[in-house]
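Notes for the one structure printed next.
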Amino acid sequence: MLKQQLNFKLSQKLSPQQIQLMKLIQLPTQAFEQRVKQELEENPALDSGKEEVRDDFEEFDNSADEDYDSEKIEAEIDVDDYLSDDEIPSYRLNTNNYSADDEERQIPYAGGTSFTQHLMSQLHTYRLNDEQMEIAEFLIGSIDESGYIRRDLVDLVDDLAFTQNIYTSEEEVTKILKVVQNLDPAGVGARSLEECLLIQLRRKDETAAVSLAIDILEDAFDHFSKKHYTKLLSKFDISEDELRDAIEEIEHLNPKPGGSYAGNTKIVEHVIPDFTIKINDGELELTLNGRNAPEMHVSREYTNMLKGYKASKEKSKSQKDAVMFIKQKLDAAKWFIEAIKQRQQTLYVTMSSIMNYQKEYFLTGDERNLRPMILKDIADEIEMDVSTVSRVANSKYVDTPYGTKLIKEFFSESMTNDQGEEVSTREIKKILEITIQEEDKRKPLTDDKLAKILKDKGYPIARRTVAKYREQLDLPVARLRKEI
């Protein structure tokens with residue numbers, strides 16, 4: 001038996017233009033500039049810079065002849081629709097919302113030779129036979145960006161045999177490794193943090209503190225790394241002053257010798273603030289980086305092509321195809337200019353709402369004045385979707401009197417204090433951070449004691465929550481914060 005059933009399903013789909021607009025909103029200033037550049041390259045109907053106003057411009061007449069109409073080309077093209085607002089785009093007139101920007105627009109690259117080349121150039125000053133030189137070069141090639149060799153020597157011996165056709169022993173590789181570890185910066189080629197620090201110490205002038213530091217790393221590295229200072233004092237039968245001097249020697253060493261080399265060929269990218277907030281006569285002023293408001297207009301050359309088509313008496317199929325192509329490009333250009341305008345309005349309205357919501361913080365710079373704020377708070381206020389606010393907050397920076405901040409850092413959950421008031425978790429983290437900074441480092445506070453202090457200050461949170469916040473602040477446990 002056949003059964004017929006009718007189902008209704010309601011679904012909402014975003015148009016390609018809406019999806020593209022969402023992508024534009026998500027882009028920070030520098031990436032947005034690249035996107036504009038890409039669009040200019042791909043769409044010849046779009047031009048950058050201010051359009052020169054010409055008095056001899058004739059509006060294209062939509063009353064094309066019968067030949068034009070008979071082909072039923074999608075829609076009549078009103079060039080005025082494309083150009084009327086583009087002589088001086090309206091969104092460039094709102095100068096209060098945009099700031100001048102004189103920053104360097106190119107991403108700077110680190111110059112000089114690479115870290116590997118730096119090591120190779122030193123290696124070639126040593127007298128080694130051909131096989132030893134190949135092994136040494138292979139070892140240098142195995143050094144990571146921090147300056148370490150992370151693989152076991154037995155594995156390197158196998159690799160030498162399989163990839164370089166060099167059959168050697170662990171003893172020989174160890175011997176060559178000592179040569180590599182003589183290179184600068186000191187500590188390079190180490191296989192562990194302990195070995196890295198020892199290499200550096202052994203290059204120092206021999207003093208009582210340096211000798212003790214070497215002994216500590218060689219014979220009691222575990223006690224040192226866990227800050228078991230009482231055990232170190234007992235093991236080496238030394239005074240607190242002697243231990244303090246030895247630890248100071250170790251703390252001045254570089255645990256990542258590769259990272260300190262300025263010639264590492266990595267891209268150095270500067271954060272470009274998308275917004276600026278200033279305080280003027282006690283009031284907050286918000287500006288959007290001017291680089292987010294490029295001057296764009298529809299190409300004059302393309303409109304002239306349309307006028308040429310209108311003036312032509314004979315209209316061939318190829319000409320009509322060209323008109324369709326031109327209309328497609330003009331539509332895309334007009335949409336892109338409108339999308340830029342919508343993007344700017346969305347960014348400005350969203351950041352303005354965030355600024356006003358966190359007014360006390362932006363006036364004082366005190367993180368304890370940050371109000372609890374979630375994406376929905378701002379979305380409801382500006383009547384936009386939560387996902388739109390998220391796109392603005394997650395990838396944009398604002399230059400404030402207190403430094404350049406990632407906007408999403410102003411968002412935080414809330415909790416209730418002992419007065420029944422909602423406070424930001426950021427406020428609690430700041431108080432926790434200050435409490436740890438001001439503690440007696442000889443007797444650092446445990447998480448239990450920190451929880452009690454916060455409770456006494458009016459923030460009743462559990463020990464496990466204190467531990468979570470402390471980890472989020474990248475602060476170690478009490479034992480590892482201990483000093484002598």
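In what follows, residues are counted from 1 in the order of the sequence shown.
Closest approach of Ile199 to Gly187, counting heavy atoms only: CG2-N, 3.6 Å. Scanning all heavy atoms of the two residues, the minimum distance from Ala393 to Leu375 falls at CB-CD2, 4.5 Å. The two residues Asp447 and Val466 make their nearest non-hydrogen contact at O-CG1, 4.0 Å. A pairwise comparison of heavy atoms in Thr400 and Gly403 identifies OG1-O, 2.7 Å as the closest pair. When all heavy atoms of Glu285 and Asn280 are compared, the pair lying nearest together is OE2-ND2, 2.9 Å. Closest heavy-atom contact between Ala339 and Leu24: CB-CD1, 3.8 Å.
Side chains of Val392 and Met351 form no contact here, defined as non-hydrogen atoms less than 4.5 Å apart. Counting heavy atoms from C-beta on, the side chains of Thr446 and Arg463 never come closer than 4.5 Å. Residues Thr388 and Ile382 have side chains not in contact (no heavy-atom distance under 4.5 Å, counting atoms from C-beta outward). A 4.5 Å side-chain heavy-atom check between Leu347 and Asp274 finds every atom pair outside the cut-off. Glu42 has its side chain out of reach of Lys329: every pair of non-hydrogen atoms, C-beta onward, lies at least 4.5 Å apart. A 4.5 Å side-chain heavy-atom check between Pro257 and Cys196 finds at least one atom pair inside the cut-off. You'll find the side chain of Pro28 stays beyond 4.5 Å of the side chain of Ile272, heavy atoms only. Within the 4.5 Å cutoff, the side chain of Val477 has heavy atoms near those of the Arg470 side chain.
Distance CD/Gln358 to CD1/Ile407: 12.0 Å, rounded to 0.5 Å. A distance of 11.0 Å separates OG in Ser146 from CG in Leu193, rounded to the nearest 0.5 Å. To the nearest 0.5 Å, the span separating OG1 on Thr276 from CG on Leu286 amounts to 8.0 Å. Taking OG of Ser353 as the start and CD1 of Ile378 as the end, the distance is 3.5 Å to the nearest 0.5 Å. Interatomic distance, Leu445 CG to Leu450 CG, rounded to the nearest 0.5 Å: 5.0 Å. Atoms CG and CG, from Leu330 and Leu46 in turn, are 10.0 Å apart once rounded to the nearest 0.5 Å.
Test Tyr361, Tyr402, Tyr397 against Phe410 for ring-ring contact (aromatic ring centres under 6.0 Å, His included) and you get one pass: Tyr361.
Atom NZ of Lys405 has more than 12 neighbouring heavy atoms from other residues, nucleotides or ligands inside a 6.0 Å radius. Within a 6.0 Å radius of CZ in Arg150, more than 12 heavy atoms belonging to other residues, nucleotides or ligands are found.
For Gln344 (side chain) and Asn292 (main-chain N/O), a donor-acceptor pair under 3.5 Å exists by modelled atom type. A donor-acceptor pair under 3.5 Å links the side-chain atoms of Asn43 to the main chain of Ala45, judged by distance alone. Proximity of a side-chain donor or acceptor of Gln26 to a complementary backbone N or O of Ser395 within less than 3.5 Å is not detected. Under a 3.5 Å cut-off, the side chain of Arg481 and the backbone N or O of Pro476 do form a donor-acceptor pair. Listed for the Ser390 side chain is no donor-acceptor partner under 3.5 Å among the backbone atoms of Val386.
Applying the salt bridge (Lys or Arg N to Asp or Glu O under 4.0 Å) test to every pair with at least one member in residues 369-391, sequence neighbours left out, gives these pairs: Lys376-Asp380.
Salt bridge annotation for Glu39-Arg35: present, with a cationic side-chain nitrogen under 4.0 angstrom from a carboxylate oxygen. A salt bridge between Glu195 and Arg191 is present, with a side-chain N of the basic residue lying under 4.0 Å from a carboxylate O of the acidic one. Ion pairing of Asp456 with Lys452 is present here, as a side-chain N (NZ or NE/NH1/NH2) and a carboxylate O approach within less than 4.0 Å.
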*In sequence, state the C-alpha distance, the side-chain angles, and the governing distance for Ile354 and Met373, and then conclude on side-chain contact (heavy atoms from CB on, under 4.5 Å).*
CA-CA 9 Å; Ile354 293 170; Met373 180 177 70; 4.0 Å; yes
*Passes side-chain contact (heavy atoms from CB on, under 4.5 Å), Leu40 versus Met296? Steps please.*
CA-CA 9 Å; Leu40 285 168; Met296 311 285 288; 3.7 Å; yes
*Could you go step by step and tell me if Ile340 and Phe32 meet the side-chain contact (heavy atoms from CB on, under 4.5 Å) rule?*
CA-CA 10 Å; Ile340 289 176; Phe32 171 69; 4.0 Å; yes
*Should Thr116 and Ile143 be marked as a side-chain contact (heavy atoms from CB on, under 4.5 Å) after you check the CA-CA gap, both sets of side-chain angles, and the distance that decides it?*
CA-CA 8 Å; Thr116 300; Ile143 294 173; over 6 Å; no
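Every residue meeting the side chain to side chain donor-acceptor pair (under 3.5 Å) condition with Lys441, not counting sequence neighbours, appears here in chain and number order: Glu439.
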Under 3.5 Å, which donor-acceptor pairs link side chains of residues 428-436 to any protein atom two or more places apart or in another chain?
residue : atom : partner : partner atom : Å
Lys429  : NZ   : Gln472  : OE1          : 2.5
Thr435  : OG1  : Ile431  : O            : 2.7

